[in-house]
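What follows is a set of notes on a single structure, which appears directly below.
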Amino acid sequence: MGKEKLCKEKNPDLWTRFLRVYRQHQVNIIWIKGHALIPENEHCDSLAVEASQGENLLTDDGYKNES
């Protein structure tokens, strides 16, 4: 997937920031299908859901500005 397409996907602000810095590191990107009963993926999903239901959440200014 090209850089331009990534920046148009969900969270374009995060993709843009990521693309600026990822080449400074050794990165291996692997697509993992969500909700495929992969224990680590399920754990990450649980953490994300729990965090999203918390109080005093930080504002994602990049996302907020796109809305």
Side-chain angles (χ1 to χ4, degrees):
M1 180 178 303
K3 192 184 313 184
E4 296 79 21
K5 183 164 171 51
L6 279 175
C7 290
K8 292 179 183 176
E9 296 291 326
K10 291 182 180 180
N11 303 312
D13 59 311
L14 299 179
W15 279 111
T16 300
R17 289 171 52 193
F18 169 77
L19 291 170
R20 273 191 234 129
V21 299
Y22 86 104
R23 292 180 191 209
Q24 299 169 16
H25 306 277
Q26 184 175 356
V27 177
N28 185 19
I29 300 173
I30 301 171
W31 179 78
I32 298 178
K33 183 177 180 179
H35 307 289
L37 301 179
I38 297 169
E40 295 84 357
N41 190 310
E42 295 298 318
H43 181 66
C44 289
D45 185 60
S46 295
L47 291 173
V49 169
E50 181 181 343
S52 73
Q53 295 170 350
E55 295 180 19
N56 301 319
L57 298 176
L58 298 174
T59 300
D60 180 347
D61 292 324
Y63 178 78
K64 186 177 178 184
N65 292 337
E66 293 290 322
S67 301

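In what follows, every heavy atom counts, from backbone to side chain, and hydrogens, waters and symmetry copies are set aside.
Every residue meeting the side-chain contact (heavy atoms from CB on, under 4.5 Å) condition with Ala36, not counting sequence neighbours, appears here in chain and number order: Lys33, Ile38. For Val49, the side-chain contact (heavy atoms from CB on, under 4.5 Å) test picks out Asp45, Gln53, with sequence neighbours left out.
Taken to the nearest 0.5 Å, the OG atom of Ser46 stands 7.0 Å off from the CD atom of Glu42.
For Gln24, the CD atom sits in a packed shell: over 12 heavy atoms of surrounding residues, nucleotides or ligands are nearer than 6.0 Å.
Hydrophobic clustering (ILVMFWY, side-chain heavy atoms < 4.5 Å, transitive): Ile29 and Ile32 are in distinct clusters.
Note: Phe18 and Trp15 have perpendicular aromatic rings, judged against thresholds of 30 and 60 degrees for the angle between ring planes.
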